A.B. asks: 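Have a look at the structure that comes next, please.
Given the structure is predicted, the values throughout are model-derived calculations rather than measurements. For ligands, and for the atoms within them, numbers begin at 1 and follow the listed sequence.
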Amino acid sequence: MSKGVVLITGASAGLGSEMARQFAALGYDLALCARRVDRLEALRDELPTKVAVKALDVTDDEAVFTVFREFAAEFGRVDRVIVNAGLGKGAPLGTGRPDANRATAKVNFLGALAQSEAALEIFRAQKRGHLVIISSMSALRGMRKSMTTYAATKAGVAALAEGLRSERIPGVDVSVIYPGYIRSEMNEHVKQKTPFMVDTTTGVRAMVAAIEKRKTKAYVPAWPWVPVGAAMRLLPLSVVRKMA
Ligand SMILES: NC(=O)c1ccc[n+]([C@@H]2O[C@H](COP(=O)([O-])OP(=O)(O)OC[C@H]3O[C@@H](n4cnc5c(N)ncnc54)[C@H](OP(=O)(O)O)[C@@H]3O)[C@@H](O)[C@H]2O)c1
């Protein structure tokens, strides 16, 4: 019997694909979306539970509502929505690449806002649900150069989640996951020996464990990111700027 239905955006690669594999192994049915639907179909064929796939660009607000509603109708419920689709583009501000920063802001913040709206529409009607926002350790402080916009979007989505948690919507839990460095397409250009980078399976295992426990906040993997997170929050910016 199905353990429930998990909807994951950005499931065509990296952390999203691996979360799909690990949640399917736990017995969940899956509603998967991303723009590269061929990848989603290949993933569906390898998974043991019921999997529905749909093409979705999260910057298309109307499509986000349509696709989420279609998934809810197809399964009769959605128990958990994982707002995972993300973009790691970016350039120092004022260096002629406003397009890259804008694209990151559109996917990571406005896209997450649309997904949260669509998820909460379903959860309010069901009177239950678990909203999971994938933020980043970079959300904890302002980051420099090509990370500036990305980190700001991730701080923005974490604040969005906290506001929703503060609303105490009956039956609705909200979790924010702050991953450290986990190998994926987003960082495949980053050199192999980056300190603390873990492989996709290990990193996602920590994410899935935190999500299953419905933690309100989780820095993952806990080692080294819990102590690094504490240091990031306390240290002066002159020190933090050397950490990323
Ligand atoms: N890997 C890390 O170390 C790390 C650390 C902190 C936070 N994160 C966060 O974790 C999440 C997943 O990242 P990842 O590392 O797995 O990156 P990834 O390997 O690059 O995967 C990103 C996913 O997002 C989807 N996506 C991008 N733009 C989209 C759009 N406009 N509409 C719909 N889907 C879109 C992509 O699918 P399509 O291209 O097929 O649409 C892909 O499935 C992101 O939110 C990222 O910021 C990752």
Side-chain angles (χ1 to χ4, degrees), residues 7-22 30-43 53-64 66-68 81-90 100 102-116 118 132-140 143 146-147 149-158 160-161 175-192 194-204 206-208 210-211 218-221 224-225 228-229 232 244:
L7 189 164
I8 306 174
T9 66
S12 61
L15 312 187
S17 298
E18 183 57 24
M19 279 193 280
R21 287 188 192 94
Q22 294 192 18
L30 295 167
L32 305 179
C33 47
R35 291 166 304 177
R36 289 170 290 178
V37 79
D38 52 325
R39 295 244 200 149
L40 298 175
E41 284 163 355
L43 181 60
V53 304
K54 287 187 193 296
L56 176 65
D57 182 335
V58 296
T59 63
D60 180 344
D61 264 29
E62 221 170 286
V64 172
T66 305
V67 163
F68 279 32
V81 170
I82 306 185
V83 177
N84 169 73
L87 196 58
K89 268 192 195 171
R102 196 175 165 74
T104 294
K106 274 175 86 173
V107 174
N108 293 7
F109 187 76
L110 291 178
L113 177 61
Q115 292 165 72
S116 303
V132 180
I133 301 274
I134 307 300
S135 177
S136 161
M137 288 302 298
S138 67
L140 298 189
M143 294 284 143
S146 57
M147 289 285 287
T149 303
Y150 176 82
T153 66
K154 292 297 180 179
V157 295
L160 192 70
S175 299
V176 190
I177 306 297
Y178 298 81
Y181 296 130
I182 302 173
R183 185 61 73 189
S184 74
E185 267 183 23
M186 191 178 279
N187 53 41
E188 64 192 357
H189 58 284
V190 174
K191 62 181 188 296
Q192 202 61 40
T194 299
F196 306 143
M197 175 80 81
V198 294
D199 65 82
T200 318
T201 313
T202 305
V204 171
M207 293 172 74
V208 167
I211 294 168
Y219 305 114
V220 289
W225 298 106
V228 169
M232 282 175 76

A.B. asks: Quick check against the 3.5 Å criterion: does N187 have a side-chain atom that pairs as donor or acceptor with the backbone of I182?
C.D. replies: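 Yes, because the side chain of N187 sits within donor-acceptor range (under 3.5 Å) of the backbone of I182.
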A.B. asks: Aromatic rings Y178 and Y219: how do their planes relate, parallel, tilted or perpendicular, breaks at 30° and 60°?
C.D. replies: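 Y178 vs Y219 ring planes: tilted.
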A.B. asks: Using distance alone, with no hydrogens and no angle criterion, decide if E18 and T200 have a side-chain donor and acceptor under 3.5 Å apart.
C.D. replies: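 No pair is found: no donor N or O on one side chain lies under 3.5 Å from an acceptor on the other.
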A.B. asks: Can you give me the closest heavy-atom contact between A151 and S138, atom names plus distance?
C.D. replies: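 Here A151 and S138 meet closest at CB-O, 3.2 Å.
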A.B. asks: Who gets closest to atom 19 (O) of ligand 1 by heavy atom: E188, M197, E185?
C.D. replies: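 Result: the heavy atom closest to atom 19 (O) of ligand 1 is in E185.
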A.B. asks: Can you find an N/O atom of A34 closer than 3.5 Å to an N/O atom of ligand 1?
C.D. replies: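 No - when backbone and side-chain N and O of A34 are compared with those of ligand 1, no distance drops under 3.5 Å.
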A.B. asks: Considering the options T202, T201, V208, which one meets the side chain to side chain contact (heavy atoms under 4.5 Å, CB included) requirement together with V204?
C.D. replies: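 Testing each of T202, T201, V208 against V204, the sole residue satisfying side chain to side chain contact (heavy atoms under 4.5 Å, CB included) is V208.
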A.B. asks: Closer than 4.0 Å to some heavy atom of V107 - which atoms of ligand 1 meet that?
C.D. replies: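 Reading through ligand 1 atom by atom, the close ones are 28 (N), 31 (N).
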A.B. asks: What residue and heavy atom of the protein are closest to atom 25 (C) of ligand 1, and at what distance?
C.D. replies: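 For atom 25 (C) of ligand 1, the nearest protein heavy atom is G10 CA, 3.6 Å.
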A.B. asks: Find the distance between SG (C33) and CG (L7) and round it off to the nearest 0.5 Å.
C.D. replies: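 Reported value, rounded in 0.5 Å steps: 5.0 Å.
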A.B. asks: Charged N to carboxylate O below 4.0 Å: is that the case for R39 and E185?
C.D. replies: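 Salt bridge between R39 and E185, a charged N being under 4.0 Å from a carboxylate O: yes.
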A.B. asks: How many angstroms lie between atom OG1 of T59 and atom NZ of K106, to the nearest 0.5 angstrom?
C.D. replies: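 That separation rounds to 5.5 Å.
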A.B. asks: Give a yes or no answer on whether the side chain of S135 reaches the backbone of V176 with a donor-acceptor pair at less than 3.5 Å.
C.D. replies: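 No, S135 side chain to V176 backbone: no donor-acceptor pair under 3.5 Å.
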A.B. asks: Applying a 4.0 Å heavy-atom criterion (strictly less than), which segment of R183 is in contact with ligand 1: side chain, backbone, both, or neither?
C.D. replies: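 No part of R183 is near ligand 1 at this cut-off.
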A.B. asks: Measure from atom 44 (C) of ligand 1 to every heavy atom in N84, I134, T59 and give the option owning the shortest one.
C.D. replies: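 Among N84, I134, T59, the closest heavy atom to atom 44 (C) of ligand 1 belongs to N84.
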A.B. asks: Taking A85's backbone N and O only, do any of them form a donor-acceptor pair with T9's side chain (distance below 3.5 Å, no angle check)?
C.D. replies: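 Yes, the answer is positive, given that a donor and an acceptor are paired below the 3.5 Å cut-off.
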A.B. asks: How close does the nearest protein non-hydrogen atom get to atom 6 (C) of ligand 1, and which residue and atom is it?
C.D. replies: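 Its nearest protein heavy-atom neighbour is P179 O, 3.5 Å.
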A.B. asks: Okay, side chain of N108, backbone of A105: is any donor-acceptor separation there less than 3.5 Å?
C.D. replies: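 Such a contact is absent between N108 side chain and A105 backbone.
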A.B. asks: Any side-chain to backbone donor/acceptor pair from N84 onto I134? Under 3.5 Å, distance only.
C.D. replies: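 Not at all, since once roles are kept as given, no pair shorter than 3.5 Å links the two residues.
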A.B. asks: Test your reading of the model: is there a side-chain donor-acceptor pair from T153 to the backbone of F109, 3.5 Å cut-off?
C.D. replies: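 Not at all, since once roles are kept as given, no pair shorter than 3.5 Å links the two residues.
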A.B. asks: What are the atoms of ligand 1, with element, lying closer than 4.0 Å to any heavy atom of N187?
C.D. replies: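 Result: 1 (N), 2 (C), 3 (O).
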A.B. asks: Report the nearest protein non-hydrogen atom to atom 35 (C) of ligand 1: residue, atom name, distance rounded to 0.1 Å.
C.D. replies: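 Atom 35 (C) of ligand 1 sits closest to the protein heavy atom A85 CB, 3.8 Å.
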A.B. asks: Could you list which atoms of ligand 1 come closer than 4.0 Å to a heavy atom of S136?
C.D. replies: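 Heavy-atom distances to S136 below 4.0 Å select 6 (C), 7 (C).
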A.B. asks: Hey, which atoms in ligand 1 end up nearer than 4.0 Å to a heavy atom of Y150?
C.D. replies: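 Going through ligand 1 atom by atom, the ones under 4.0 Å from Y150 are 6 (C), 7 (C), 8 (N), 9 (C), 46 (C), 47 (O).
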A.B. asks: Between Q115 (side chain) and G111 (backbone), is there a donor-acceptor pair under 3.5 Å?
C.D. replies: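 Yes, Q115 side chain to G111 backbone: donor-acceptor pair under 3.5 Å.
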A.B. asks: Please verify whether a non-hydrogen atom of R39 lies at under 4.0 Å from ligand 1.
C.D. replies: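 Checking ligand 1 against R39, which is what was asked, there is no heavy-atom contact under 4.0 Å.
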A.B. asks: Drop me the distance from T149's OG1 to L87's CG, to the nearest 0.5 angstrom.
C.D. replies: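 The OG1 atom of T149 sits 11.0 Å away from the CG atom of L87.
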A.B. asks: Are any of the heavy atoms in T9 under 4.0 Å away from ligand 1?
C.D. replies: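 No, that is not the case, since the closest heavy atom of the residue is not under 4.0 Å from the ligand.
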A.B. asks: At what distance is the nearest protein heavy atom to atom 24 (O) of ligand 1, and which residue and atom is it?
C.D. replies: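 For this ligand atom, the closest protein heavy atom is G86 N, 3.3 Å.
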A.B. asks: With atoms numbered from 1 as shown, which atoms in ligand 1 lie under 4.0 angstrom from a non-hydrogen atom of L56?
C.D. replies: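 Near L56, meaning under 4.0 Å from one of its heavy atoms, ligand 1 has 32 (N), 33 (C).
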A.B. asks: Within ligand 1, which atoms have a heavy atom of G14 less than 4.0 Å away?
C.D. replies: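 In order of number, 16 (O), 19 (O).
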A.B. asks: Would you mind checking which non-hydrogen protein atom is closest to atom 1 (N) of ligand 1, with the distance to 0.1 Å?
C.D. replies: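 Of every protein heavy atom, I182 O, 2.8 Å lies nearest to atom 1 (N) of ligand 1.
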A.B. asks: State the atoms of ligand 1, each with its element, that fall below the 4.0 Å cut-off from a heavy-atom position in L15.
C.D. replies: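 Per the distance check, 1 (N), 10 (O), 14 (P), 15 (O), 16 (O), 48 (C).
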A.B. asks: Give yes if a backbone or side-chain nitrogen or oxygen of S184 is under 3.5 Å from a nitrogen or oxygen of ligand 1, and no if not.
C.D. replies: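 Right, the criterion is met.
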A.B. asks: Just to confirm my output: which protein heavy-atom neighbour is closest to atom 20 (O) of ligand 1, and how far is it?
C.D. replies: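 Going atom by atom, the protein heavy atom closest to atom 20 (O) of ligand 1 ends up being M186 N, 3.3 Å.
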A.B. asks: Which atoms of ligand 1 have any heavy atom of G180 under 4.0 Å away?
C.D. replies: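 Those qualifying, in numeric order: 2 (C), 3 (O), 4 (C), 5 (C), 6 (C).
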A.B. asks: Is there any N or O on D57 that sits under 3.5 Å from an N or O of ligand 1?
C.D. replies: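 Checking ligand 1 against D57, an N or O pair does fall under 3.5 Å apart.
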A.B. asks: Any idea which protein heavy atom is nearest atom 37 (O) of ligand 1, and the distance to it?
C.D. replies: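 I find the closest protein heavy atom is S12 OG, 2.9 Å.
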A.B. asks: For S135, state whether at least one heavy atom is located under 4.0 Å from any atom of ligand 1.
C.D. replies: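 It does, in that a heavy atom of S135 comes within the 4.0 Å cut-off of ligand 1.
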A.B. asks: Students should be able to answer this: which protein heavy-atom is nearest to atom 39 (O) of ligand 1, and at what distance?
C.D. replies: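 Nearest protein contact, heavy atoms only, for atom 39 (O) of ligand 1 is R35 NH2, 2.9 Å.
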